[in-house]
Amino acid sequence: MPDATRPQERLIEIRDLRFSFGGNQIYDGLDVAIPRGKVTAIMGPSGCGKSTLLNFIGGRLRPDRGDVLVNGESVPSLNRGDLFDLRKQMGMMFQSSALLTDLTVFENVAFPLREHTSLPEALIKTLVLSKLQLVGLRGARSLMPSELSGGMTRRVALARAIALDPLLVMYDEPFTGLDPISMGIIVKLIREVNDALEMTSVVVTHDVAEACSIADYVYLLGNKKVVAHGTPEQMRNTESDDARQFMAGLPDGPVAYHYPARDYREDLFLEDLNE
Amino acid sequence: MNRNAVDLWVGLFVVAGIAALTMLALRVGNLSAANTTDTYKVTAKFGNIGGLNVKAPVTMAGVRIGRVSRIEIDREDYSAVVELAVERRYDNLPQDTSAAILTSGLLGAQYVGLEPGGDETYLKEGDRILITQSAVVLEQLIGQMLFSKAQGDG
Amino acid sequence: MNSVSLLGRWAINSVLRLGRAAVFLAVTLIASVKILRRFRLVVQQVFAVGVLTVLIIVVSGLFVGMVLGLQGYNTLVDFGAESSLGLVVALSLTRELGPVLTALLFAGRAGSALTAEIGLMKATEQLAAMEMMAVDPMERVMAPRFLAGFVAMPLLAAMFTAIGIVGGHLIGVGVLGVDSGVYWSAMQEGVDVYDDVLNGAIKSVVFGFVVTWIAVFEGYDAVPTSEGVSRATTRTVVIASLAVLGLDFLLTSLMFTEV
């Protein structure tokens, strides 16, 4: 296994990322290195800013401090044209799939090709059908997004994300809200796409079982920092309290069960609840 | 809807819009008659033009042959100088043509009526019409009538 | 919070919004120049914004013209001036009713649809997805819609006015017995191509610009939830209508007060 600590093996490197939004500090010195050609899961409780991390990799947000390197380029300091060129090397599958509602399945997958290349129509057709074949939806090519089920929508979104054969595919909460069969398909597809097309995958999720079943490496975020990282095996046997609470889904622990409040007994005798 | 149908509808839409604009310009605004014709300008002096406006019609024998193009005051004798733009095809107005400010109907808009004379030479660009008749101002008319009536009684 | 600080907050938010709208307009205009190379995108939007609005414009124009014919005749006949009916109908429509009513209907039909569509694209992350696919939504989504509205509105206003004049003819000549030749000649005598028709067209161009700007901006600026989108849609109709009426007063006082 390639060593993720060697610089040439890292596709993405996030160094000392600090960011606050609307007065809330979201990251306070985050360091993440994502190995090339692997599936890396980014996990953490809801609201810890794990999806936001993808916006930094894609250059949609700029950090207050720190740097984000993708394939050796510093994303925050790129100008618009270079940033757009870099984004052509990235595919992203959104939680809501974000298919363009006025285009058919075929046209959705063809969209990046039509926007960024001037390939002849016959070639576009071949490419789109091959991606749809990969996700098993070649037969659904003339349907509109509104006619698809949730699982199918995600598969189309995946086909679109890999249409340009990018270096990197990012998945934002790919398992949320799917039935077990669809979930199984997506889990299988993420692994297959990564290996067959020699891409690097970043999966943001809070589904521990699914993430551990496909990820080569896991980062656990919490409390504005990286709490723990390692292979799924290392994470399961972790010593860290924070990590163990999340991996095992314990109701109480470093992330407290109770929202901060005053003494219960004292509270019961209060006249005004808003005091 | 497929591409060709969209193109067709948009094409029809644009044609209909331009047709409507053309109708407004030609049939409603009468662009062809009002502004595309070539004109020459003559002036006429009046003691009083009443309520005559720029763009009021200029007629001869009841036919409109031009428009009032400018109205100003002569700096020396304080009379009104009215510039008339007459269509080029009526270039045979005699030099001794007379101009009068008339009213269409009792209270209608005022216009300039031309009455041809008998001269052999014709008016040309920049000439002046010498024989003019001022506007009839209704208040003055009523005043005169009352005055003469009072004199007749006394 | 007391009412004074509420007022203050409202004022600050309004100024911020206005600033965002101005920046948005500048970016849209630049993107509009770039998108002209891909004219098909604009054509598709002209279909959505223009062609689908024709029916309501034609029907409203016809009825407004018919009402003008009826009301104008009833008033004019008292002064024995029913021969001016064509002029009254044509002047009312070219100067005022054509551009203003078209703009109000346009805001209600096309403007609200634009805001809702763009707001939903934002709420469902379609705009974010485009950005991540290295496609600029300002160019791909906003600019074609903006240009389409800008092009469609004057054409719609011209149709409204033309149909309205025909509607006045239908009632005045067909039902009330004004002579057809008199109807048209009074109109041609009194309507000036530059003062009336052109100024009316300028009004419709300005209204098209403003209504589309407001509609597209409200969609882009919408809070990305279903509630936010519905609020933005309402705001489009309200603000665009007020802007049209206010601008109409301003333009009228600039255009028609001389002499």
Side-chain angles (χ1 to χ4, degrees), chain A residues 51-52 54-61 70 75 78 80-103 107-118 145-146 153-154 156-164 166 168-173 202, chain C residues 1 9 13 16 23 26-27 30-31 34-35 37-49 51-52 110 113-145 148 219-220 222-226 228-229:
Chain A
S51 294
T52 312
L54 298 182
N55 284 325
F56 281 101
I57 298 171
R60 295 185 64 226
L61 293 173
V70 175
V75 178
L78 287 179
R80 209 181 129 76
D82 291 338
L83 181 62
F84 270 40
D85 282 341
L86 182 64
R87 281 183 187 166
K88 291 176 198 166
Q89 309 275 311
M90 302 179 182
M92 178 149 170
M93 187 176 112
F94 284 80
Q95 186 180 352
S96 62
S97 300
L99 296 183
L100 304 176
T101 39
D102 55 343
L103 299 180
E107 286 301 321
N108 261 290
V109 179
F111 184 83
L113 295 165
R114 291 198 198 285
E115 290 291 320
H116 295 308
T117 67
S118 45
S146 55
T153 318
R154 290 236 173 116
V156 176
L158 174 56
R160 184 179 66 177
I162 58 175
L164 288 171
L168 167 72
V169 193
M170 295 182 273
Y171 302 87
D172 187 7
E173 303 281 9
V202 178
Chain C
M1 193 183 294
R9 171 183 283 192
N13 282 340
L16 285 176
V23 172
V27 176
I30 296 169
K34 290 191 199 157
I35 204 68
R37 282 180 292 124
R38 298 178 62 189
F39 201 66
R40 270 216 60 79
L41 292 173
V42 183
V43 170
Q44 279 167 355
Q45 292 306 320
V46 171
F47 182 82
V49 174
V51 176
L52 297 181
L114 278 178
T115 306
E117 189 193 10
I118 295 171
L120 276 174
M121 289 182 87
K122 188 179 179 188
T124 55
E125 293 183 300
Q126 293 181 49
L127 298 183
M130 280 193 193
E131 275 182 26
M132 285 305 295
M133 287 188 274
V135 175
D136 186 355
M138 296 304 294
E139 260 177 63
R140 187 62 175 68
V141 177
M142 309 302 156
R145 284 166 175 75
Y220 187 72
V223 179
T225 60
S226 34
V229 174

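Because the structure is predicted, anything quoted here is derived from the model rather than measured. Quick note on labels: first sequence line is chain A, next is B, and so on, each numbered from 1.
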If every non-hydrogen atom of Arg160(A) is compared with every non-hydrogen atom of Ala129(C), which pair is closest and at what distance? NH2-CB, 3.7 Å
For the CG atom of Asp102(A) and the CE atom of Met121(C), what is their distance to the nearest 0.5 Å? 6.0 Å
Tyr220(C) atom OH, over 12 foreign heavy atoms within 6.0 Å: no
At what distance, to the nearest 0.5 angstrom, does CD of Glu125(C) lie from CE of Met92(A)? 7.0 Å
Max heavy-atom pairs within cutoff under 4.5 Å with chain C, candidates His116(A), Met170(A), Gln95(A), goes to His116(A)
At their closest point, which heavy atom of Met133(C) faces which heavy atom of Pro112(A), and how far apart are they? SD-CG, 3.7 Å
When Thr101(A), Asp85(A), Leu83(A), Leu164(A) are compared by non-hydrogen pairs under 4.5 Å with chain C, the top option: Thr101(A)
The side chain to side chain contact (heavy atoms under 4.5 Å, CB included) partners of Ala222(C) (sequence neighbours excluded) come to Ala232(C)
According to the salt bridge (Lys or Arg N to Asp or Glu O under 4.0 Å) rule, which pairs have a member within residues 127-138 of chain C, sequence neighbours left out? Arg60(A)-Glu131(C), Arg80(A)-Asp136(C)
Report the distance from atom CG of Leu100(A) to atom CZ of Arg140(C), rounding to the nearest 0.5 Å. 7.5 Å
Which bit of Leu99(A) is near chain C, if near means a heavy-atom gap under 4.5 Å: side chain, backbone, both or neither? backbone
How about Val135(C) and Arg87(A): do any of their side-chain heavy atoms sit closer than 4.5 Å? no
Side chains of Met130(C) and Glu115(A), heavy atoms from C-beta outward: is any pair under 4.5 Å? no
